[in-house]
2 protein chains.
Amino acid sequence: MTATIRDVARLAGVAVSTVSLVVNNKGRVSKKTEAKVKQAVEQLDYHPQRSARGLVTQRSGNFGFILSTDHFSQAEPFYTKIFLGTEFEARSFDYYILLTTIDKHFNADRAPRFLLERNVDGVILVGTVPHKIVDYIAMRDLPIVLVDYDLPDTKHSAVLIDNVGGIRAIVHHLIKLGHCRFAFIGGDMKHPGMSQRFNAFQQTLADAGLCVDNDCVAAEEEMSGIETGYTLMQKLLPHHNKFTAVVAANDAMAVGAVRACQGNGFHVPNDFSITGFDDVESAQNLHPALTTVHVPKEKMGAIALRQLVDMIKNTAEYGTKITIPVRLIIRESSNQPRS
Amino acid sequence: MTATIRDVARLAGVAVSTVSLVVNNKGRVSKKTEAKVKQAVEQLDYHPQRSARGLVTQRSGNFGFILSTDHFSQAEPFYTKIFLGTEFEARSFDYYILLTTIDKHFNADRAPRFLLERNVDGVILVGTVPHKIVDYIAMRDLPIVLVDYDLPDTKHSAVLIDNVGGIRAIVHHLIKLGHCRFAFIGGDMKHPGMSQRFNAFQQTLADAGLCVDNDCVAAEEEMSGIETGYTLMQKLLPHHNKFTAVVAANDAMAVGAVRACQGNGFHVPNDFSITGFDDVESAQNLHPALTTVHVPKEKMGAIALRQLVDMIKNTAEYGTKITIPVRLIIRESSNQPRS
DNA sequence: TGCTGTCATCGAAACGTTTTTACTTCTGTT
DNA sequence: AACAGAAGTAAAAACGTTTCGATGACAGCA
């Protein structure tokens, strides 16, 4: 049904190879034949067939995009936005994205089919992802870019959030408002980004000559959602006279924390300032609107893609870590401490 | 680097074609050679290469999944969940999903590359999608399944929500609680599902011998998010003595409506009952938790995929409309009317 | 023993490209 | 006028599969 390269060649009165040269504009073809060929291509609406091209070039023109199932189905479209950035950028580089989710316990014989069938030229892995699958992909020596995740003991490219800079900005902002007694809400400490935020929190305070009461740190292992924030804030509230500002490790938990306060008759920010991190959608809609750190999610996805492309073109090193700068967003949830 | 079918054949001591027969278990191969071949496959970790296979079968093993950019980036993961359902089901049928977003104004020369390169065997289109692209795909005669959208004047398969049943359940529930004066909040009436919900609302009331005041219907053209719900509820509130129950066409707008009420000193459900539709994540987290209609999103995605597969296997008709039943979820936002 | 039919396996063609090598034709130089 | 080199084009091989027709072995039957 659809036109093949042979049809184009026949119509243009040239050899098949010449058509190929024109289409991929490689080699030198005279202006005249080029025009002829292009006209024929146009007329037949010819597009090279992916599989045929892939067979000879051994390139699929696809990238794999892997994230854990629970990340993807999360209420907040944090990772969805990263994907969007990648997908959009991919289009302009003529790559396609094969998205798949894997669950926490990766099992080698349930490996994404696109790996087995050599149907991708590189892989982007986003968020917390089993160590095993990274090794698995590396073994098949495909270029890898991690996003918002880092494996400490390996040498893979990664696109990372400037967690330290973000937390530092938040804390300095609060100090400038006059706060000197802080609490912290953290979750999912297995995620390197989370623990990074916590460490930055402590470090920044230490640098400012302040220290944190143990009662003012609440952290949970597994989750880092609204529920978690709510629960942890409940644990913090009994010691509410020990702090005036609460730094949450992300917006979701901050939202939960605000709710817990309001549910217990406290006012934000009059009684406590509460801050988040990530600048997700609901941070703006919240009442009071959340002071937080903006993370450019789409941009991160785009940069990861570009990094992958560069690695394939060999114009980028295979272990580059890219740290994405973030921006403090001051809204209503932070204010001067109660007197 | 990776093993080819020839390597397997050599190792097993059989012909290439025999290996192919075993791998695809077509034709009859003796138990003995089958074992030999399978052992060799195992040993070399052989997997047929997608592009080579695709070239000869003229099948890519991929499905396209298209939704509009704004749908996908929406805060609520409604469409994300549909995708998840599709992707998961696809895996068990050995298909891969190529996801792409297109913007409202589809332009034929920016068509998804997977269409041009014949890199998909069928397409799932989700949500409001330009009429033009559907025609475009149909022209290339690929099987199509629409999800949560329907084109009235065409004959395409579609997986649809039982909007009528859902609204009817909601209204009956409210009537049973004692309500007889209703308001409606609707948005994005271009989407057939939305107008369907509105019509069902009116019809159900009419059937019950009730009618709706014009002042009690608020609908906006474009959007249907939290903001819209908030704005529309503001418009409704001046006439608050004309109704005791507010039916919103989806959860997002219901959330906005609840906020507007609370912001103006009204209590939900004591002053008004407010209901939603969709049962998204935040409907449960809301205070008060939202009475709504549960829509099985993952399931819809899965069913769409299966429909596509069946169409390709020619075990399903090309214009089947599948209506997915929904379930009333009674939570806290609905109660008896104020006296 | 010779013939027919079934079953298992094989060899070769085909799918639609890209890429490499080879062949013309032209241009300019001596 | 002969020739070298460059430029443009063509022919053919290769990529890794599937599939189809051919072949051989073997059983059953006359």
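Sequence lines set the chain letters: A, B, ... in the order given, protein chains first and strands last, and positions in each chain run from 1.
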For R140(B), is there an ion pair with D45(A) - N to carboxylate O distance below 4.0 angstrom?
yes

Assign each of K32(B) and P48(A) to its nearest nucleotide of DNA chain C by heavy atoms, then name whichever residue's nucleotide is nearer the 5' end.
K32(B)

Sugar-phosphate only, base, or nothing, as touched by R53(B) at under 4.0 Å among non-hydrogen atoms
sugar-phosphate

Is the shortest heavy-atom distance from the side chain of D121(A) to the side chain of L142(A) under 4.5 Å?
no

Sugar-phosphate only, base, or nothing, as touched by S20(A) at under 4.0 Å among non-hydrogen atoms
base

Which part of the nucleic acid does S17(A) contact within heavy-atom distance under 4.0 Å: base, sugar-phosphate only, or nothing?
base

Closest-nucleotide mapping onto DNA chain D: is R6(B) or K31(A) further toward the 5' terminus? I mean the 5' end.
K31(A)

Closest nucleotide of DNA chain C for V16(B) versus for T18(A): which of these residues is on the 5' side?
V16(B)

For T33(A), answer base if it contacts any base atom (sugar-phosphate contacts may also be present), sugar-phosphate if it contacts only those atoms, and nothing otherwise; contact means non-hydrogen atoms under 4.0 Å.
sugar-phosphate

Residues K155(B) and E317(B) bridged, charged N to O under 4.0 Å
no

Phosphate OP1/OP2 of dA14(D): any Q58(A) side-chain N/O under 4.0 Å
no

Hey, is K132(A) close enough to D135(A) for a salt bridge, meaning N to O under 4.0 Å?
no

